[in-house]
There are 2 protein chains.
Amino acid sequence: MTQTLTKSEATSARIIAAAKRLFVASNYADVTTDMIAKAADVTKGGLYHHFPSKERLYVSMMLDDLERKRLLFERSTTSRGSCRDRLVQLTRDFLELPHEERELTRLVRRDINAFSGRERDRLVRAYQRALPEQVETIISQGIRNGELAPGDARILSWSFVALVEVVIGDYADHVYGSAQARLGHVVDLFFDGAAALPTGGTQ
Amino acid sequence: MTQTLTKSEATSARIIAAAKRLFVASNYADVTTDMIAKAADVTKGGLYHHFPSKERLYVSMMLDDLERKRLLFERSTTSRGSCRDRLVQLTRDFLELPHEERELTRLVRRDINAFSGRERDRLVRAYQRALPEQVETIISQGIRNGELAPGDARILSWSFVALVEVVIGDYADHVYGSAQARLGHVVDLFFDGAAALPTGGTQ
DNA sequence: AGTAAAACCGACCGGTCAGTCGGTCGGTAA
DNA sequence: TTACCGACCGACTGACCGGTCGGTTTTACT
C-alpha cells in the first residue's frame, strides 16, 4: 500500500529529488524550471502538471525535507542518555547525513529573500523551529536534572545550533580538520567554556 | 584636487549607499540595476558610467563595507584590557551599528551562490577573514596570557563569531529579549560553558 | 567666454525565464 | 469498440533585465 506509488507520486518524487540536487548546488534564481524538468526527466509542462509554480515546488521540497529530519532526530530527542550524550548523538546523526541533506538545512537562510508574504513566513517558522526545538527539548531536560546550570533553555539551544552550524559548514573544512574533530571541540566548548580555570573564587 | 573628482565620487557613494539599502532588503537577483539607479537618483546609464557591471558594483559595495568595519574594530583589537573585556567591546561596537550595516555582514553568506569564479573567491575570502581574524587576534592573546585554556585559537574564534551572529540576527529578536541581554548570555557561555558545576574533581 | 572632457541620459537590444495551452498518448471502465 | 481521463508534451508568449550607445548637459580649467 505504501509500496505502490502511483505513477503521479513517483513523478512528483522524482521532480522533488531533482530540485533538491539543483537548489543545493545553486541558488533559487539561477535554477530554472527547465533545468529541474530536464533533471527529473520530464518536460516543463509535466512539471507544471504536478506543481502550480516554482515557488510552491520549492516549498514542497522544503517541507518534505523537514519531515524526514524530524523523524531522524526523534531518536535522540526521546532517548534516555545524559544530556551531553544525546546532543552528541543528535549532532552525529546530522553529520552522517549525505552532503546534500545537510545543505538543505541552510537553504532557507540562504534563499529566504527570494520569497515574500505568507509563503515566506510559513517556511521560516517551520524551518527555524525544526532543529532548535528538538535541541531545546534535550536541553530543558538537562537543566531539570541538574546536568546544566539553570538558565534560559531557548538561548542555549540557539547557541548550540549556531555552534553546530559552524562545525557543519563546508567553509569550515579548510579552516580546521575534520567535521568529527570539530564536533568534539564544539561540544566541549558548549559544556565547559573556554576560560582557563574553573572560575572558582568569588562564586 | 580631491575637489576635482568630488562630483564623481559623490555619485559613486550615492549609488553604493542605495545598493546597500536594496541588497540588504532583498536578494541579489531581485534587485535590478534600474532600482538601484532610481534609488540613487541617477539613470541606468549613469550607474554604468561608474561601475562596469552589477556584479562589480556589488563587490565594490562589499569591499567598501569591509574597510569601514576593519577600522571600527581596530580599537578593540589593539586595546589593552582583558580578553573578555575586549571581546565584549568588539561585539558591543558591532551591536551599536545601524541595522543595515550589521546585515551587510551576513550578505556574503546569503548571496554567495549568485557569483562564481574569481570574484566569488575574492569576496568570500575577504569577508570570512574580516571578523574572525580580528577575533582570533584577541583570542590568541587570551590564550598566551593564560586567560583562556590552551587550544586552537581559530576554532574558538569561529565559535565566538557563530555565537555572536546568532545574538545579532534579527530572527532571534522575537525569541529572546534584547540583543544586549543576549550578548551577556553568549559571552558567559563562551567563557564558562553551560555545565552545572565547575567540572573540578579530577583536575 | 570658450572648450574639451567627464558626467549623465534614456531608448533600445539581445537574451532569459516562469508560466500557458492546445494537443498526444496510454490506460480503463462500460 | 468507444468514450473518457489523467499524465505528459513542447512550442510559444509576455514580461523583465543586464548592458549598450549615440547624444546631451555639466564641470573644470584656461
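Letters A, B, ... mirror the listed sequences (proteins, then strands); counts begin at 1. These values consider heavy atoms only, across backbone and side chains, with no hydrogens, waters or symmetry-generated copies.
- Of the possible polar contacts, one joining the A:Y28 side chain to the A:E55 backbone as a donor-acceptor pair under 3.5 Å is found.
- A donor-acceptor contact under 3.5 Å is not formed by the side chain of A:K7 with the base of D:dG6.
- Scored by the salt bridge (charged side-chain N to carboxylate O under 4.0 Å, His left out) test, A:E101 finds no partners at all (sequence neighbours excluded).
- Atom OH of B:Y48 and atom P of D:dT20 are 7 Å apart (whole Å).
- Contact annotation: B:T33 does not reach the phosphate of D:dC17 (side-chain N/O to OP1 or OP2, under 4.0 Å).
- With sequence neighbours left out, the salt bridge (charged side-chain N to carboxylate O under 4.0 Å, His left out) criterion links B:D93 to B:R75.
- The stretch residues 51-59 of chain B comes close to DNA chain D through B:S53, B:K54, each having a heavy atom under 4.0 Å from the strand.
- Among pairs with a residue in residues 22-41 of chain A, those fulfilling salt bridge (charged side-chain N to carboxylate O under 4.0 Å, His left out) read A:D34-A:K44, at least two apart in sequence or across chains.
- Shown here are the salt bridge (charged side-chain N to carboxylate O under 4.0 Å, His left out) partners of A:E100, two or more places apart in sequence or in another chain: there are none.
- Between B:K38 atom NZ and D:dC17 atom P the separation is 12 Å, expressed in whole Å.
- Rounded to whole Å, the distance from CG on B:D30 to P on D:dA15 is 19 Å.
- Position along DNA chain C of the nearest nucleotide to B:R14 versus A:K44 favours B:R14 as the more 5'-ward residue.
- As rounded to whole Å, 13 Å separates atom P of C:dC17 from atom OH of A:Y28.
- In this structure, B:H50 atom NE2 and C:dA7 atom P are separated by 6 Å, rounded to whole Å.
- At D:dC8, one or more side-chain N or O atoms of A:T11 fall inside 4.0 Å of OP1 or OP2 (strictly under the cut-off).
- Straight-line distance from the NE2 atom of A:H49 to the C1' atom of C:dT24: 14 Å, rounded to whole Å.
- D:dA11 atom P lies 11 Å from atom CG of A:D34, rounded to whole Å.
- Using a 4.0 Å heavy-atom criterion, one finds that A:T43 contacts the bases of the nucleic acid, with or without backbone contacts as well.
- Listed by first then second residue, pairs satisfying salt bridge (charged side-chain N to carboxylate O under 4.0 Å, His left out) with a partner in residues 57-68 of chain B read B:K20-B:D64, B:D64-B:R68, B:D65-B:K69, B:E67-B:R70, not counting sequence neighbours.
- Between the CD1 atom of B:I15 and the P atom of C:dA7 there is a distance of 11 Å, given to the nearest Å.
- Between the side chains of B:Y58 and B:D111, at least one donor N or O sits under 3.5 Å from an acceptor N or O.
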